[in-house]
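Presented below is the structure to which this report refers.
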Amino acid sequence: MLEGFDQVQQRRLKLERIRERGVDPYPARARRSHTASEAIVAFDEAEASGNDAPTVQVSGRLRAIRVMGKSTFAHIEDGSGRIQLYLKRDDLGEEVYDVFKRDIDVGDFIGVEGYLFRTRTGEVTVRVELFELLTKTLHPLPEKWHGLKDIETRYRRRYLDLIASEDVREIFRTRTRIVTAMRTFLDDQGFVEVETPTLQSIYGGAMARPFTTHHNALDMTLFLRISDELYLKRLIVGGFEKVYEICKDFRNEGVSTKHNPEFTQMECYWAYADYSDMMWLTENMVAFIAEQALGSTQFMFQGQMVDVTPPWRRWSLRDAILELAGIDYMDFPTLEALWAEVQRRELHVSPQPTWGKLIEELLGEIVEPTLIQPTFVKDYPIDISPLAKASSDDPQHVERFEIFVGGLESGNAYSELNDPLVQRERFEQQGLGAKAGDDEAHPMDEDYILALMHGMPPTGGLGIGVDRLTMLFTDQTSIREVILFPHMRSED
RNA sequence: GGGCCGCUAGCUCAAUUGGCAGAGCAACUGACUCUUAAUCAGUAGGUCAAAGGUUCGAUUCCUUUGCGGCCCA
């Protein structure tokens with residue numbers, strides 16, 4: 001009698017029948033004595049000690065129903081796992097049993113009460129004496145065996161992806177363990193977690209294009225932060241010695257397997273430390289996170305064993321490019337000369353607006369893919385590092401490093417530039433770059449310079465991309481696999 | 001920005017040298033009181049991503065658009 005209707009219509013008819021019996025298909029609460037996994041443990045313990053099988057109340061989503069005439073097996077799933085149910089007409093009565101068969105579907109949430117037993121095949125099972133509908137589901141779930149494979153649907157309707165795939169659920173649990181471990185490590189090191197503005201009147205702290213928005217009441221342009229760096233350093237000026245923030249940054253650039261327009265970053269600043277201290281902090285933090293999130297400092301990434309046990313390799317950028325590209329960029333001190341040499345060697349890199357950016361491009365294209373084991377690439381050209389302090393013995397370079405693991409850049413750190421007059425000059429240099437066509441140049445920030453004029457002690461700073469770190473730890477090559485709701489174009 | 005590939009039932013996938021659109025799971029009807037991808041018999045379910053073009057006829061060929069994936073710059 002229901003044939004010819006689509007599945008949503010069929011379920012709505014079932015919903016009406018349920019309501020007609022005076023049953024609320026969306027009750028406000030559920031009774032639950034055990035989770036699914038707790039119930040199984042309780043039975044195992046009772047069995048081992050010779051006690052009576054416990055009676056339990058468990059609730060969850062129906063994932064499978066196997067009707068065999070006057071008895072039915074089913075599985076429900078809650079956050080802890082699955083447990084089998086056994087319903088018999090003789091236990092429930094014909095009317096109640098038929099209601100289950102007719103109006104309850106896979107996907108519905110139900111609560112059951114009954115005693116536990118072990119089936120002939122050995123599975124701990126609830127022999128159901130009472131059941132209650134907790135939530136009627138109107139739309140069918142993805143297919144039970146193949147699951148949900150369409151990538152677009154997986155991202156747009158992540159809840160279906162999570163229902164269908166334990167592997168996906170585990171990726172996001174790992175992500176949470178990573179963030180929790182990161183906090184634990186920093187807290188234990190005496191860092192103070194703070195919150196700084198997402199809406200900023202001048203963006204800064206990174207070389208990127210911002211998202212722009214508008215404050216109506218104040219009639220002013222605001223930017224979504226591309227970084228929280230300059231605010232965290234103001235806190236160092238204010239006397240905090242160790243601060244960190246884990247927050248979303250927003251960068252108005254292309255979407256790729258490595259870039260989402262909003263992404264999560266941890267930044268921390270440590271007064272009286274320098275970039276060498278930040279290397280120590282980084283390798284110990286990542287090793288701690290790996291231990292906490294994965295249970296080991298060694299793990300597989302794309303078929304290769306990665307070992308994040310400290311100490312990590314330290315390699316100067318100049319040496320790395322010399323060894324892998326064959327170019328000592330200091331021999332080609334202008335954009336034109338370096339670009340000519342790059343072309344002469346037929347290196348596979350794209351043209352850049354500045355000398356430093358071209359070096360960065362060489363790093364990204366030629367060095368980065370080779371760095372599978374964790375590596376600090378250090379000592380960067382000064383013109384791509386406007387917030388970092390120059391090396392005392394090499395004014396062309398700054399005390400800066402980036403973190404590379406699994407062929408992916410996942411962090412950035414430096415000895416912070418704290419000379420306000422030099423900082424102003426660096427911003428002015430950036431302004432020249434902007435005029436020359438670099439739309440990622442760092443803007444002048446007088447308010448930040450004013451803060452530095454009040455004195456920031458020598459400070460080390462570090463930023464780590466939480467999404468990238470999660471990719472590494474969960475063996476994923478697309479950032480969209482580690483962001484619950486990645487950015488997508490509108491479906492319309 | 002460019003190239004290639006994809007979009008067919010709720011889900012996973014077929015098919016068509018241009019001629020009534022197919023299966024498994026899910027659903028519906030029936031049988032079945034220890035099953036677990038339950039089984040068995042039957043039924044229904046489609047704007048073939050969208051719009052335009054070519055054609056007697058388009059899901060198929062062409063064009064444009066949308067969304068997605070991969071690669072490149």
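Treat the numbers as computed from the prediction; the structure is a model and nothing was measured. Chain letters run A, B, ... following the sequence lines, proteins first, then strands; residues in each count from 1.
Considering A/D103, A/D108, A/D24 as possible partners of A/K136, the one that fulfils the side-chain hydrogen bond (donor to acceptor under 3.5 Å, both in side chains) test is A/D108. Applying the side chain to side chain contact (heavy atoms under 4.5 Å, CB included) test between A/L472 and each of A/V482, A/V405, A/D467, A/I178 identifies A/V405 as the sole match. Partner of A/F376 under the ring pair (Phe, Tyr, Trp, His ring centres under 6.0 Å) criterion, out of A/F404, A/F401, A/Y414: A/F401 alone.
Pairing of B/C56, defined by two Watson-Crick or G-U wobble distances under 3.5 Å, is identified with B/G19. Using the Watson-Crick or G-U wobble rule with both distances under 3.5 Å, B/G68 pairs with B/C5. When both pairing distances are held under 3.5 Å, B/C40 makes a Watson-Crick or G-U pair with B/G30. Base pairing annotation: B/C25 forms a Watson-Crick or G-U wobble pair with B/G10, both donor-acceptor distances under 3.5 Å. The base-pairing partner of B/C48, taking Watson-Crick or G-U wobble contacts with both distances under 3.5 Å, does not exist among the strands shown.
Aromatic ring orientation, A/F131 versus A/F100: perpendicular (interplanar angle above 60°, classes split at 30° and 60°).
Spacing between B/C56 and B/G18 at atom C1', rounded to whole Å, works out to 12 Å. With C1' as the reference atom, B/C70 and B/G52 are 29 Å apart, rounded to whole Å. Nucleotides B/G68 and B/A26 place their P atoms 32 Å apart, quoted to the nearest Å. Between B/U55 and B/U60, the two P atoms lie 16 Å apart (nearest whole Å). Taking the P atoms as reference points, B/U47 lies 12 Å from B/U59, given to the whole Å. Here, B/A9 and B/A44 have their C1' atoms 11 Å apart, quoted to the whole Å. Of the P atoms belonging to B/A31 and B/U8, the separation is 37 Å, rounded to the nearest Å. A distance of about 33 Å separates the P atoms of B/G22 and B/C67, rounded to the whole Å.
In this structure, A/F332 has its ring center at least 6.0 angstrom away from the ring center of A/W355. The distance between the ring centers of A/Y380 and A/H397 does not fall below 6.0 angstrom. Ring centers of A/F473 and A/F299: under 6.0 Å apart, within the cut-off.
When the side-chain nitrogen and oxygen atoms of A/R489 are compared with OP1 and OP2 of B/G68, one or more of them lie within a distance under 4.0 Å. Contact between the side-chain N/O atoms of A/R156 and the OP1/OP2 oxygens of B/G68 is found at a separation under 4.0 Å. Side-chain nitrogen and oxygen atoms of A/R66 include none within less than 4.0 Å of the OP1 or OP2 phosphate oxygen of B/U35. Dashed line: the shortest gap from a side-chain N or O of A/R89 to OP1 or OP2 of B/U33 is not under 4.0 Å. Here A/R480 reaches the OP1 or OP2 of B/G69: one of its side-chain N or O atoms lies under 4.0 Å away. A sub-4.0 Å separation between OP1 or OP2 of B/A31 and a side-chain N or O of A/K70 is absent.
Looking at A/S71, its side chain has no donor and acceptor atom pair within 3.5 Å of the base of B/U35. If you check distances only, the side chain of A/E123 never reaches the base of B/U35 with a donor-acceptor pair under 3.5 Å. Under 3.5 Å, the side chain of A/K149 and the base of B/U12 form no donor-acceptor pair of N or O atoms. On a pure distance criterion of 3.5 Å, a polar donor-acceptor pair joins the side chain of A/Q7 and the base of B/A26.
Protein atom OH of A/Y159 is 11 Å distant from nucleotide atom P of B/C11, rounded to whole Å. Spacing between atom CZ of A/R157 and atom C1' of B/C11 amounts to 10 Å, rounded to whole angstrom units. The distance from atom CG of A/D150 to atom C1' of B/U12 is 11 Å, rounded to the nearest whole Å. Atom CZ in A/R120 sits about 5 Å away from atom P in B/U35, given to the nearest Å.
Across B/G68, B/A38, B/C28, the shortest atom-to-atom separation from the side chain of A/M68 is found for B/A38. Considering only the side chain of A/L148, B/U12 comes nearest among B/U12, B/G69, B/U35.
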